[in-house]
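All values below come from the heavy atoms of this structure, side chains included, with hydrogens, waters and symmetry mates left out.
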Amino acid sequence: MSLTLDTYRLLGRSGLRVSPLALGAATFGTEWGWGAEQDEARKLFDLYIERGGNFIDTASTYTNGSSERLLGEFTRDNRESLVLATKYTTLRRPGDPNSGGPHRKSLFASVEASLRQLNTDYIDLLYLHVWDTTTSVEEILRGMDDLVRQGKVLYVAICNAPAWQVSRMQAIADLRGWSPLVALQMEYNMIERTGERDLIPMAREMGLGVVPYSPLAGGVLTGKYSRDDLTAENVADSTRKNLTIATGGLTERNFAIADVVKDVATELGRAPAQVGLAWTLQNPGVTASIIGARTPAQLEDNLGALEVDFTASQLARLDEASAIELGFPHDMLAGDAMRVVTRGDLKIESRR
């Protein structure tokens, strides 16, 4: 079933309405050696808004702060109609250990910096960006709740954390009457599906909307790389290719998955990027995937994912090509033998 950017969805247990594709603003600014200059970034922003989009994702340190500063300028006339999401915990000043991390001092200072850079007096959605095990969950949750009570933050969320810790935090927030987490941002795509083991089921159970980043696996699923890029000679400094290779994104398995994506895209008369994005939205736990286009043409192409309709056969092929083993205890519990042990021959409909 085709979607549009104004086919809004509720974010987790909240009543907040967001678009099914979020505009990632990590490409706003060129300080990291790639990205969009101000004029180009403005075109990306305007195109997304004109199509009905309202969900924009950034972080306090993206492109050394340029991402938030540009958004602060772009949103002067329509701030109230947008859902601005930003993040804290990454180091803001090299050499200053308290300018990063999840603790209270970092949290409050980062939020104040984001408010200045975004030219706003409140943040719609604040994520803890990177879990680092150094701060008690009570300190984090109480700090987040204080910011919500002050009106500087409306909703809180988390990224890049283990499922058991997120569920523990949600339980503590509920028991203490603190602001609950409403979203979980995580890497999720056909190449990285390990979140299906615990993170996505946990999020559905605990009331967090899943917001995948890197839905195209750093461009691998778009077909922009070839098996020739597996050779080290092709690595260049300060490029996204360099990052993709350095993080192990180019492997024979990944290229095999990308080949199936390309075949399905050809059958549908679509671009591989549209197929990769549309696949993430098939998961009922996913609220919105983040697109990180650098040019208006790329953004237009990505938005075409909303119009992709898979046949059951095509979806099965994509799932099979990218399948992972869920491991213990998931595979054991899903087996026929275990169902017989717990249910006998009774037919019981699962609520999952």
Side-chain angles (χ1 to χ4, degrees), residues 1 20-21 160-164 166 184-205 208-227 229-230 244-245 247-268 270-291 302 305-306 308-340 342 349-352:
M1 181 177 180
L21 289 177
N160 305 312
W164 67 267
V166 178
L184 171 69
Q185 193 171 130
M186 55 178 281
E187 182 176 359
Y188 183 58
N189 52 60
M190 267 182 275
I191 286 172
E192 177 49 77
R193 292 181 61 180
T194 54
E196 294 176 5
R197 290 173 178 151
D198 291 299
L199 283 166
I200 294 178
M202 176 278 301
R204 296 188 70 188
E205 186 73 23
L208 289 83
V210 175
V211 182
Y213 67 81
S214 194
L216 298 176
V220 176
L221 295 176
T222 68
K224 68 184 292 185
Y225 301 113
S226 71
R227 286 171 173 79
D229 291 311
L230 290 170
T244 301
I245 294 175
T247 55
L250 303 186
T251 67
E252 183 54 44
R253 171 186 178 270
N254 295 353
F255 282 123
I257 295 171
D259 288 342
V260 178
V261 170
K262 182 180 178 180
D263 291 343
V264 171
T266 299
E267 293 172 10
L268 291 168
R270 294 286 180 177
Q274 295 171 347
V275 169
L277 278 165
W279 179 89
T280 65
L281 298 178
Q282 299 296 310
N283 191 309
V286 170
T287 300
S289 290
I290 300 172
I291 49 179
N302 287 175
L306 296 169
V308 172
D309 282 323
F310 295 114
T311 66
S313 174
Q314 289 166 339
L315 196 55
R317 284 160 54 199
L318 294 169
D319 287 342
E320 182 180 356
S322 59
I324 62 167
E325 292 184 4
L326 294 181
F328 182 86
H330 311 291
D331 288 333
M332 179 194 76
L333 296 175
D336 291 338
M338 192 54 60
R339 282 196 292 273
V340 171
T342 59
E349 183 176 343
S350 173
R351 65 187 179 92
R352 299 290 191 280

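Between Pro162 and Leu199, the shortest heavy-atom contact is C-CD2, 4.2 Å. Closest approach of Val260 to Ala321, counting heavy atoms only: CG2-CB, 3.7 Å.
Here the rule is side chain to side chain contact (heavy atoms under 4.5 Å, CB included) with Leu216, and of Asn189, Leu277, Val261 only Leu277 fits it. The side-chain hydrogen bond (donor to acceptor under 3.5 Å, both in side chains) test with Tyr188 is passed by exactly one of Thr194, Thr280, Asn283: Asn283.
In this structure, Arg253 CZ and Ser322 OG are separated by 7.0 Å, a value rounded to the nearest 0.5 Å. Interatomic distance, CG of Leu208 versus OG1 of Thr287, reported as 9.0 Å (0.5 Å rounding). Rounded to the nearest 0.5 angstrom, Ile324 CD1 and Leu326 CG are separated by 5.5 Å. Distance check, rounded to the nearest 0.5 Å: CD of Glu187 to CG of Asn160 gives 9.0 Å.
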CA sep, side-chain torsions, deciding dist, call: Leu268, Val308, side-chain contact (heavy atoms from CB on, under 4.5 Å): CA-CA 8 Å; Leu268 291 168; Val308 172; 4.0 Å; yes
Yes or no on side-chain contact (heavy atoms from CB on, under 4.5 Å) for Ile191 and Val220, after CA distance, side-chain angles and deciding distance? CA-CA 9 Å; Ile191 286 172; Val220 176; 3.6 Å; yes
For side-chain contact (heavy atoms from CB on, under 4.5 Å), just list the numbers for Met190 and Leu318, CA-CA rounded to whole Å, side-chain angles, deciding distance to a tenth of an Å, and then say yes or no. CA-CA 8 Å; Met190 267 182 275; Leu318 294 169; 3.9 Å; yes
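Considering only heavy atoms from C-beta on, Asp198 stays 4.5 Å or farther from Trp164 through its side chain. Residues Leu281 and Leu306 are in side-chain contact: their nearest non-hydrogen atoms beyond the backbone lie under 4.5 Å apart. Here the side chains of Ile290 and Pro212 are not in contact, with every heavy-atom distance at 4.5 Å or above. With a 4.5 Å cut-off on side-chain heavy atoms, Gln314 and Val275 do not count as touching. The shortest distance between side-chain heavy atoms of Trp279 and Leu221 does not fall below 4.5 Å. With contacts defined as side-chain heavy-atom distances shorter than 4.5 Å, the pair Ile200/Met186 qualifies.
A salt bridge links Glu196 with Arg193: at least one charged nitrogen is closer than 4.0 Å to a carboxylate oxygen. For the pair Asp331 and Arg197, the salt-bridge criterion is not met [side-chain N within less than 4.0 Å of a carboxylate O]. With salt bridges taken as basic N to acidic carboxylate O contacts below 4.0 Å, one links Glu267 and Arg317.
Applying the side-chain hydrogen bond (donor to acceptor under 3.5 Å, both in side chains) test to Ser226 and every residue at least two apart in sequence or in another chain returns nothing.
Looking at Asn254 and Tyr225, their side chains never bring a donor and an acceptor atom within 3.5 Å of each other.
Within a 6.0 Å sphere centred on CD of Glu320, heavy atoms belonging to other residues, nucleotides or ligands number 12 at most.
No donor-acceptor pair closer than 3.5 Å links the side chain of Gln282 to the backbone N or O of Pro284.
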